[in-house]
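Data block below; observations after.
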Amino acid sequence: MSGPSNVSALHDSLLTAIGSEIVSGTLPSGDVITLDGVSATHGVSRSVAREAIRVLESMGMVSSRRRVGITIQPAEQWNVFDPRVIRWRLDSGDRAAQLVSLSELRRGFEPAAAALAAHRADPHQCRIMAAAVSDMVMHGRSGDLESYLLADKVFHRTLLEASGNEMFRALNGVVAEVLTGRTHHGLMPETPNPAAIELHDQVARAIRLRDEAAAEAAMRAIIDEAASSVIEGD
C-alpha cells in the first residue's frame with residue numbers, strides 16, 4: 001500500500017502536470033476532461049485525481065459541474081498570485097510576459113514595504129537582512145547561485161515581514177517564485193551583478209538608519225536592475 005508520503009508525492013506530481021498543461025495551452029480553455037480520463041492518462045487513483053482537481057478548482061483553473069465534467073478555465077479566471085501558477089507560467093513559453101508582469105507588480109509594493117520596514121523593523125530583522133547581504137556577497141563571488149538565491153530570498157522575506165503589513169508579508173511567495181524562476185531558468189548571470197548586491201546593502205543600511213526615502217529608492221532600483229538584466233539576457 002502507498003503511504004501518506006507517496007500519496008502526497010503523486011498528488012503534487014499530478015497537480016503540476018495538469019497545471020502545466022493548462023498554462024502551456026496543451027489543455028486549452030473550454031476543453032472538458034473527466035476524473036476517469038485524468039486517472040487513466042496519469043496512472044493515478046480517482047481519489048488522487050479528485051484531490052488535484054479540487055486544488056485546481058480553488059485556483060480558478062478548472063470548473064467542475066455534474067453532468068458536464070471538468071472545464072478548463074481561461075487565464076482571466078486564474079489566481080495569478082498563487083505561487084504555483086507563477087511557477088508553471090515561468091516554466092512555460094509565457095515566461096517573458098510573466099516576468100514583466102511580476103516586475104511591474106513588485107514595483108507597486110516592495111518599495112513601499114521597504115519604506116515601512118525603515119519605520120518598523122526591529123534590531124533582529126535588521127541583523128538578518130545584513131547577514132543575508134553578507135551571504136550574497138560571499139556566494140556571488142564563488143558563483144554558488146543556489147546559495148545566493150537562498151540568501152536573496154531570506155533578505156526579501158525578512159523585509160516584507162519587517163514592513164509590519166500582513167498584506168505585503170503574504171506576497172512573499174510571489175517574490176520567492178520570481179527570484180527562483182530567474183535562477184532556475186538561466187536568467188541570472190553566472191556571477192551576480194555586484195551593483196545589485198550593493199543595492200541590497202543600501203536597502204538594509206537605510207532600514208537600519210530609519211531612512212524611509214532611501215530604503216524605498218534603493219528597493220525600486222533593485223527591481224529595475226533585475227528587470228533590465230532579464231530583458232537584456234532574454
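The residues of the chain are indexed from 1 along the displayed sequence.
Applying the salt bridge (Lys or Arg N to Asp or Glu O under 4.0 Å) rule to pairs touching residues 23-38 yields Asp36-Arg46, sequence neighbours excluded. Pairs engaging residues 165-223 under the ring-ring contact (aromatic ring centres under 6.0 Å, His included) rule: Phe155-His200, His156-His200 [sequence neighbours left out].
Closest heavy-atom contact between Ala196 and Glu225: CB-OE1, 3.5 Å. When every heavy atom of Leu35 is checked against every heavy atom of Ile70, the shortest pair comes out as N-CD1, 3.8 Å. The shortest heavy-atom contact between Ser63 and Gln73 is CB-NE2, 3.3 Å. For the pair Val174 and Phe81, the tightest heavy-atom approach, listed with the atom from each and the gap, is CG2-O, 3.5 Å. Here the shortest heavy-atom pairing between Ala215 and Ala115 reads CB-N, 4.5 Å. Closest non-hydrogen pair, Ala151 versus Asp135, comes out as CB-CB, 3.7 Å.
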Determine, step by step, whether Asn172 and Lys153 satisfy the side-chain contact (heavy atoms from CB on, under 4.5 Å) criterion, reporting the C-alpha distance in whole Å, the side-chain angles of both residues, the deciding distance to 0.1 Å, and the verdict.
CA-CA 9 Å; Asn172 174 62; Lys153 289 163 71 173; over 6 Å; no

For a side-chain contact (heavy atoms from CB on, under 4.5 Å) check, start with the C-alpha distance between Arg89 and Val80, then their side-chain angles and the critical distance, and finish with the verdict.
CA-CA 9 Å; Arg89 291 183 70 185; Val80 293; 3.9 Å; yes

Start with the C-alpha gap between Val175 and Phe109, add the side-chain angles, then the distance that decides, and say whether side-chain contact (heavy atoms from CB on, under 4.5 Å) holds.
CA-CA 11 Å; Val175 177; Phe109 73 87; 3.7 Å; yes

Using the rule given for salt bridge (charged side-chain N to carboxylate O under 4.0 Å, His left out), can you reason through Arg205 versus Asp201, listing the C-alpha separation, both sets of side-chain angles and the distance that settles it, and then say yes or no?
CA-CA 6 Å; Arg205 186 165 58 249; Asp201 188 48; 2.9 Å; yes

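No side-chain donor-acceptor contact under 3.5 Å links Glu110 to the backbone of Ile223. Formation of a donor-acceptor pair under 3.5 Å by the Glu51 side chain with backbone atoms of Val48 is not found in this model. Ser13 places no side-chain N or O within 3.5 Å of a backbone atom of Ala9 that could act as its donor or acceptor partner. Judged by distance alone, the side chain of Ser163 and the main-chain N or O of Leu160 form a donor-acceptor pair under 3.5 Å. No donor-acceptor distance shorter than 3.5 angstrom exists from the side chain of Ser20 to the backbone of Ala17, with no hydrogens or angles considered. Side-chain atoms of Ser101 do not come within 3.5 Å of backbone N or O of Gln98 as any donor-acceptor pair.
Taken to the nearest 0.5 Å, the NE2 atom of His42 stands 11.0 Å off from the CG atom of Leu15. Taking CD1 from Ile53 and CD1 from Ile33, the interatomic distance works out to 4.5 Å, rounded to the nearest 0.5 Å. Distance check, rounded to the nearest 0.5 Å: CD1 of Ile222 to CG of Leu159 gives 8.0 Å. Taking OG1 from Thr183 and CG from Asp152, the interatomic distance works out to 7.5 Å, rounded to the nearest 0.5 Å. Summarising the geometry, atom CD1 belonging to Ile22 is positioned 5.0 Å from atom CG belonging to Leu56; distances are rounded to the nearest 0.5 Å. Summarising the geometry, atom OG1 belonging to Thr191 is positioned 10.5 Å from atom OH belonging to Tyr148; distances are rounded to the nearest 0.5 Å.
Contact check for Arg106 versus Ser103: no side-chain heavy atoms found under the 4.5 Å cut-off. Considering only heavy atoms from C-beta on, Arg127 comes within 4.5 Å of His124 through its side chain. Counting only heavy atoms from C-beta outward, the side chains of His11 and Val55 approach each other to under 4.5 Å. Residues Ile207 and Cys126 have side chains in contact (heavy-atom distance under 4.5 Å, counting atoms from C-beta outward).
In the hydrophobic clustering of ILVMFWY residues, with side-chain heavy atoms under 4.5 Å counting as a link, Ile86 and Leu179 come out together. Hydrophobic clustering (ILVMFWY, side-chain heavy atoms < 4.5 Å, transitive): Leu105 and Leu90 are in one cluster. Grouping the Ile, Leu, Val, Met, Phe, Trp and Tyr side chains by contacts below 4.5 angstrom, directly or via other members, places Leu149 apart from Ile128. Cluster membership check: Val85 shares its hydrophobic cluster with Ile18, using side-chain heavy-atom separations under 4.5 Å among Ile, Leu, Val, Met, Phe, Trp and Tyr. Note on Val44: it clusters hydrophobically with Met61, by side-chain heavy-atom contacts below 4.5 Å among ILVMFWY residues.
Counted within 6.0 Å of CZ on Arg50, heavy atoms from surrounding residues, nucleotides or ligands total more than 12; the atom is thus considered enclosed.
Under the salt bridge (Lys or Arg N to Asp or Glu O under 4.0 Å) criterion, Glu177 pairs with Arg87, not counting sequence neighbours.
For Arg107 and Glu104, the salt-bridge test fails: no basic side-chain N is under 4.0 Å from an acidic carboxylate O.
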